[in-house]
Amino acid sequence: MKNKGNLFIIIFSGVFLFVGIIFLATGIITFFLNRSFAENAEEIPAMISEISSYRGSDHEIKHRVYVTYTYAGRTYGNIPLNFYSSNMYEGKEILILCDPENPEHIGTKGGVMLLCGIFSGMGLLFTGISLVPIGNSLRKVSLRRRLRNSGRKLYATVEEIVQNRSLSMNGRHPYVIYCTYRDDYRDTLYRFKSSNIWTNPDPVLHPGDTIPVYVEEANYRHYFVDTESIINRKIEDYT
């Protein structure tokens with residue numbers, strides 16, 4: 001049960017981390033390649049000769065920009081710029097970067113920074129997303145250890161056992177246990193929810209049974225339902 005939960009976190013985080021690393025690596029490579037180009041290129045004036053529009057695979061309107069310019073006495077017409085901004089229009093004069101060794105290799109300072117920024121930003125986003133479940137898992141482990149050592153142990157009554165259909169792994173959904181504990185001294189009914197359980201608890205737990213819950217004495221919001229002590233001890237799930 002515990003291993004399946006960890007496996008889900010590892011798979012989820014691993015996919016996002018892998019994609020994030022790819023984006024970050026692409027951003028870094030793009031930066032160094034374009035830095036080399038920018039250091040050796042010459043800045044020259046050019047005129048926007050054409051702006052064509054098309055619909056991309058995401059159904060958004062995109063634009064292709066073509067420029068005409070003269071370098072070393074030769075005119076280059078309708079060369080794709082591979083950069084667009086909303087303030088561009090046909091006939092506008094702009095500054096471009098031109099590679100002296102290959103004058104048809106052009107770019108703009110803004111385009112270089114935008115491209116690097118997009119890849120790096122996406123890389124940081126995906127990497128950050130991958131770290132969230134890992135961080136949550138570590139916090140839960142730390143909380144459980146602290147509550148086991150210094151928390152209060154209650155015996156709550158199982159209210160219901162349901163499947164969490166918002167999560168799925170190999171076509172299977174985890175289970176969640178809802179349980180309640182009545183504190184007669186405080187005249188308060190507390191309701192708790194377990195973490196996701198990847199083993200069906202039905203053989204050993206049913207509504208009306210009791211289950212250990214560890215809580216922080218001063219704040220019952222900090223708690224965990226100890227499903228492992230019951231399910232792991234009585235069920236060996238090799239599926």
Side-chain angles (χ1 to χ4, degrees), residues 1-39 55-63 81-87 97 107-151 162-178 192-199 213-216 219-228:
M1 177 186 65
K2 186 176 179 180
N3 290 337
K4 290 181 180 179
N6 291 338
L7 180 60
F8 180 86
I9 294 173
I10 290 171
I11 293 174
F12 177 88
S13 302
V15 170
F16 276 85
L17 182 60
F18 176 76
V19 174
I21 290 174
I22 293 297
F23 274 119
L24 280 174
T26 303
I28 293 171
I29 293 172
T30 301
F31 171 77
F32 282 105
L33 289 177
N34 283 282
R35 187 181 71 169
S36 176
F37 162 72
E39 288 176 349
R55 193 173 295 276
S57 57
D58 55 1
H59 304 294
E60 292 187 2
I61 300 298
K62 301 183 183 298
H63 305 275
L81 185 60
N82 296 323
F83 174 71
Y84 170 80
S85 69
S86 58
N87 64 352
L97 297 175
T108 64
K109 290 182 178 179
V112 170
M113 296 304 298
L114 178 63
L115 192 61
C116 295
I118 289 174
F119 282 118
S120 299
M122 292 297 292
L124 291 173
L125 175 63
F126 277 84
T127 300
I129 291 174
S130 73
L131 297 178
V132 169
I134 295 176
N136 288 337
S137 180
L138 292 176
R139 280 196 298 273
K140 288 180 180 179
V141 170
S142 176
L143 176 64
R144 290 178 180 181
R145 183 180 296 113
R146 178 168 61 84
L147 292 179
R148 279 186 184 277
N149 292 334
S150 59
V162 300
Q163 283 189 298
N164 181 2
R165 296 193 175 275
S166 65
L167 288 180
S168 178
M169 184 169 62
N170 296 328
R172 300 173 64 180
H173 303 287
Y175 294 84
V176 175
I177 297 174
Y178 291 91
F192 304 106
K193 175 184 176 182
S194 74
S195 299
N196 291 305
I197 307 166
W198 292 93
T199 296
V213 179
Y214 289 86
V215 299
E216 188 177 89
N219 186 358
Y220 281 18
R221 290 182 181 274
H222 299 158
Y223 73 91
F224 85 92
V225 181
D226 189 12
T227 57
E228 297 173 10

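It should be emphasised that the depicted structure is a prediction, and the values quoted were computed from it without experimental measurement. All residue numbers in this chain count up from 1 along the given sequence.
- Separation of atoms CZ (Phe126) and CD1 (Ile22) is listed at 12.0 Å; rounding is to 0.5 Å.
- Shown here are the side chain to side chain donor-acceptor pair (under 3.5 Å) partners of Gln163, two or more places apart in sequence or in another chain: Arg165.
- In this structure, the side chain to side chain donor-acceptor pair (under 3.5 Å) partners of Ser195, at least two apart in sequence or on a different chain, are Arg144.
- To the nearest 0.5 Å, atom CG of residue Asn196 and atom CD1 of residue Ile177 are 11.0 Å apart.
- Between the CD1 atom of Ile29 and the CG atom of Leu24 there is a distance of 11.0 Å, given to the nearest 0.5 Å.
- Every side chain to side chain contact (heavy atoms under 4.5 Å, CB included) that His63 has, sequence neighbours left out, goes to Ile51, Ser53, Ile61, Tyr84.
- Under the side chain to side chain contact (heavy atoms under 4.5 Å, CB included) rule, Val176 has a single partner from Asn164, Leu167, Ile197, which is Asn164.
- Counting heavy atoms from C-beta on, the side chains of Tyr175 and Thr227 never come closer than 4.5 Å.
- For Lys140, the NZ atom counts as loosely surrounded, since its 6.0 Å shell holds 12 or fewer non-hydrogen atoms of other residues, nucleotides or ligands.
- Residue Ser120 comes nearest to Gly27 through the heavy atom pair OG-CA, 4.0 Å, listed as atom of the first residue, atom of the second, then distance.
- Glu216 contributes atom CD, which lies 13.0 Å from atom CZ of Phe224 (distance to the nearest 0.5 angstrom).
- At least one donor-acceptor pair under 3.5 Å links the side chain of Ser130 to the backbone N or O of Thr127.
- Note: Phe119 CZ to Ile28 CD1 = 12.5 Å, rounded to the nearest 0.5 Å.
- Taking CG of Leu147 as the start and NE2 of His222 as the end, the distance is 9.0 Å to the nearest 0.5 Å.
- Although no hydrogens or angles enter the test, the distance criterion places no donor-acceptor pair under 3.5 Å between the side chain of Tyr214 and the main chain of Ser150.
- Annotation for Trp198 and Arg172: closest pair CZ3-O, 3.5 Å, computed over non-hydrogen atoms.
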